[in-house]
Trainee: 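Can you read through this structure? Questions will come right after.
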Amino acid sequence: MYRVASPSEYLVITGIGIDDIKLAKKAWILPGQSYIIFDMSPVNYTFEVQAMSSEKLPFMLPAVFTIGPRIDDTPSLHKYAKLISRHDKLSSHVKELVQGIIEGETRVLAASMTMEEVFKGTKEFKQEVFEKVQLELNQFGLLIYNANVKQLVDVPGHEYFSYLGQKTQMEAANQAKVDVAEARKKGEIGSKEREGLTLQNAAKIDAETKIYATKREGEGKMAEIKVKAEVKVYENVREAEVAEANAELAKKKAGWAKEAQVAEVEAAKAVALRDAELQTQVERMNALTRTEKLKAEFLSQASVEYETKVQEANWDLYNKQKAAEAILYQREREAEAQKAIAEAEFYARQQVADGEFYAKKKEAEGLIALGQAQGAYLRNLLDAVGGNYAAMRDFMMINSGMFQEIAKINAEAVRGLQPKISIWTNGAVEGGDGGSNGAMKEVAGVYKMLPPLFKTVHEQTGMLPPAWMGTLPNSGSNN
């Protein structure tokens with residue numbers, strides 16, 4: 001049977017004569033062989049992947065992937081033919097497989113990025129998803145022909161992008177208001193600057209006129225009048241500078257007033273801050289005059305004091321360095337002496353310890369030699385008595401005088417007891433011991449034995465028998 005596949009199809013043949021599978025566009029199908037035809041055209045898969053950013057913000061990522069077999073790679077075609085070709089490309093099995101790979105890689109990538117990074121870097125995010133999904137699809141012989149990531153969508157209950165749009169809109173509106181206020185401020189400030197410059201120039205011209213008139217009037221006068229004129233010129237210059245400062249202050253105040261109208265909340269703090277700065281500038285200008293006068297006086301004095309203090313500090317530093325070096329040298333010598341003493345003590349202790357160790361070692365060797373000699377003696381003695389342990393023990397006890405010691409101890413134990421010995425007789429027994437008569441005689445003998453027994457106990461211990469058993473006679477007879 002001869003089969004031919006269409007341009008977008010492949011034949012997958014298995015069976016007799018084929019080790020694994022065979023891919024072909026056309027082929028003879030022999031008996032014992034089977035085949036299937038699978039389509040190579042790609043398919044569009046549309047998903048809405050729900051992911052979460054690194055800030056734990058969820059979002060929806062609509063995406064469309066065009067996926068199909070890799071037609072230019074034979075190993076990939078073999079993988080596709082083995083794993084996917086028996087399923088319909090639009091079946092739930094293939095769709096769930098592709099969707100699982102895409103969702104998994106997208107969630108992993110989104111979890112490592114912030115929402116701002118995902119939103120601003122859509123192109124990079126799409127490329128990362130494309131590369132990671134393609135890497136997973138390679139094991140199935142599939143290729144992503146096209147991937148389109150749509151606009152990110154909010155998850156119900158987490159309206160991040162809608163709030164972000166409102167924020168952007170409000171920022172644009174506020175920026176426009178700020179721009180209008182800035183232009184208005186520049187116009188007002190420019191106007192006030194022109195007025196201030198006019199006042200400054202007028203004051204400057206008046207001051208120059210007065211200076212010129214004063215100079216012309218004082219040209220024919222004596223040196224004293226000339227000095228007074230110069231003083232007057234200096235005063236006029238100071239007045240011009242004050243007028244210029246006042247004009248600058250008026251200009252700044254006008255600017256602050258306008259800024260207060262633009263930003264009412266920030267105006268009070270800005271005016272206070274600028275007022276403090278201007279006050280500092282006024283005080284600085286007033287201090288400059290005094291500073292210039294005092295600079296020449298204090299400069300020479302400060303230079304002399306500086307040189308003197310430098311020399312004193314150098315001399316003090318030199319003395320401290322020498323004292324520190326002397327202390328350091330002394331401590332080094334003391335440390336070396338202590339080290340030598342410690343080494344000597346350690347050597348002496350080590351010698352004493354070595355001597356003690358040698359004595360103990362020799363003592364142990366003597367005990368070991370004595371034990372070995374005694375063991376050899378006992379073995380020879382045991383061999384001499386033919387292996388009789390009892391005979392060897394008795395010999396050792398006799399040889400060491402142990403029996404004499406035992407006898408002496410026993411004699412010391414019974415000394416002073418003074419035992420009393422009593423002999424009792426019950427008379428001769430007549431007749432035989434057989435029958436009931438003999439039994440009664442035995443019982444009678446027991447009763448006869450009791451009185452002498454009680455008496456012996458009384459003599460030895462001083463104890464009397466109970467009253468119900470009888471009393472002892474007062475006489476000392478042995479009946």
Side-chain angles (χ1 to χ4, degrees), residues 4-12 21 23-26 36-54 57-156 158 160-162 164-165 168:
V4 178
S6 64
S8 63
E9 295 177 342
Y10 260 99
L11 293 173
V12 183
I21 62 172
L23 297 177
K25 283 289 188 178
K26 54 185 178 180
I36 62 171
I37 300 175
F38 68 87
D39 192 2
M40 297 287 294
S41 58
V43 178
N44 288 332
Y45 296 96
T46 303
F47 307 106
E48 283 192 357
V49 181
Q50 184 172 352
M52 184 176 292
S53 66
S54 60
L57 296 175
F59 63 92
M60 298 294 294
L61 180 66
V64 178
F65 285 81
T66 303
I67 301 175
R70 189 187 292 273
I71 61 175
D72 56 351
D73 188 9
T74 303
S76 297
L77 285 175
H78 278 79
K79 292 179 182 178
Y80 180 80
K82 291 179 182 179
L83 302 174
I84 307 296
S85 62
R86 65 187 183 88
H87 299 282
D88 184 7
K89 290 185 291 184
L90 297 176
S91 64
S92 60
H93 175 76
V94 178
K95 187 174 182 180
E96 289 175 359
L97 175 66
V98 176
Q99 185 176 0
I101 294 174
I102 295 174
E103 289 183 352
E105 297 300 329
T106 303
R107 289 194 181 104
V108 171
L109 181 59
S112 64
M113 301 174 66
T114 63
M115 186 67 79
E116 192 70 17
E117 292 173 349
V118 174
F119 184 73
K120 290 184 177 180
T122 305
K123 182 177 180 181
E124 292 77 8
F125 182 73
K126 171 185 172 182
Q127 184 64 28
E128 288 285 339
V129 172
F130 182 90
E131 292 176 356
K132 292 183 179 297
V133 172
Q134 181 60 63
L135 186 62
E136 294 295 327
L137 291 178
N138 286 337
Q139 59 186 332
F140 298 101
L142 294 173
L143 175 66
I144 301 176
Y145 288 93
N146 184 33
N148 184 17
V149 177
K150 299 182 181 179
Q151 187 65 35
L152 301 178
V153 180
D154 285 323
V155 175
H158 300 275
Y160 174 80
F161 295 109
S162 60
L164 188 62
T168 304

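Every heavy atom of this structure was used, including side-chain atoms; hydrogens, water molecules and symmetry mates were not. When a residue number appears, it is its place in the shown sequence, counting from 1. A quick note: this is a predicted structure, and the numbers were derived from the prediction, not measured.
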Trainee: Decide side-chain contact (heavy atoms from CB on, under 4.5 Å) for Phe65 and Ile102; before the verdict, give the C-alpha distance in whole Å, the side-chain angles of both, and the deciding distance to 0.1 Å.
Mentor: CA-CA 9 Å; Phe65 285 81; Ile102 295 174; 3.6 Å; yes
Trainee: How would you list all residue pairs meeting salt bridge (Lys or Arg N to Asp or Glu O under 4.0 Å) that involve residues 71-82, not counting sequence neighbours?
Mentor: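 Sorted pair list: Asp20-Lys82.
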Trainee: Just how far is it from atom CG of Leu83 to atom CD of Gln139, taken to the nearest 0.5 Å?
Mentor: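 Reported to 0.5 Å precision, the distance equals 8.5 Å.
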Trainee: Taking atom CD1 of Ile101 and atom CZ of Phe140, what is their separation to the nearest 0.5 Å?
Mentor: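 It is 4.5 Å, given to the nearest 0.5 Å.
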Trainee: Identify, with sequence neighbours excluded, every residue that meets side-chain hydrogen bond (donor to acceptor under 3.5 Å, both in side chains) alongside Thr66.
Mentor: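 So Thr66 forms a side-chain hydrogen bond (donor to acceptor under 3.5 Å, both in side chains) with Asn44.
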Trainee: Does Tyr45 offer a backbone N or O that forms a donor-acceptor pair with the side chain of Gln99 under 3.5 Å?
Mentor: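 Pair absent, no side-chain N/O of Gln99 close to backbone of Tyr45.
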Trainee: Please test Leu142 against Arg70 for side-chain contact (heavy atoms from CB on, under 4.5 Å), starting from the C-alpha separation and ending with a verdict.
Mentor: CA-CA 6 Å; Leu142 294 173; Arg70 189 187 292 273; over 6 Å; no
Trainee: To the nearest 0.5 Å, what is the distance between CG (Leu137) and CD1 (Ile144)?
Mentor: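 Going from the CG atom of Leu137 to the CD1 atom of Ile144 covers 5.0 Å.
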Trainee: Quick one: OG on Ser6 to CG on Asp39, what's the gap to the nearest 0.5 Å?
Mentor: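 Rounded to the nearest 0.5 Å, the OG-CG separation comes to 6.5 Å.
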Trainee: Using every non-hydrogen atom in the two residues, find where Pro42 and Tyr145 come nearest and quote the distance to one decimal.
Mentor: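 Minimum heavy-atom contact is CB-CD1, 3.8 Å.
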Trainee: Would you find a donor on one side and an acceptor on the other, under 3.5 Å apart, between the side chain of Glu9 and the backbone of Met40?
Mentor: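 Answer holds: no.
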Trainee: Is a side-chain N or O of Lys25 found less than 3.5 angstrom from the main chain of Leu11, in a donor-acceptor match?
Mentor: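 No.
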Trainee: Atom CD in Gln134, atom CG in Leu143: separation rounded to 0.5 Å?
Mentor: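 Gln134 atom CD to Leu143 atom CG measures 5.0 Å (nearest 0.5 Å).
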Trainee: Rounded to the nearest 0.5 Å, what separates atom CZ in Phe130 from atom CG in Asn146?
Mentor: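 Answer rounded to 0.5 Å: 8.0 Å.
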Trainee: Please name all residues satisfying side-chain hydrogen bond (donor to acceptor under 3.5 Å, both in side chains) with Glu105, sequence neighbours left out, ordered by chain then number.
Mentor: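 By the side-chain hydrogen bond (donor to acceptor under 3.5 Å, both in side chains) rule, Glu105 matches no residue at all.
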Trainee: Are Val43 and Ile67 close enough, and set up right, to give a side-chain contact (heavy atoms from CB on, under 4.5 Å), and what steps lead you there?
Mentor: CA-CA 6 Å; Val43 178; Ile67 301 175; over 6 Å; no
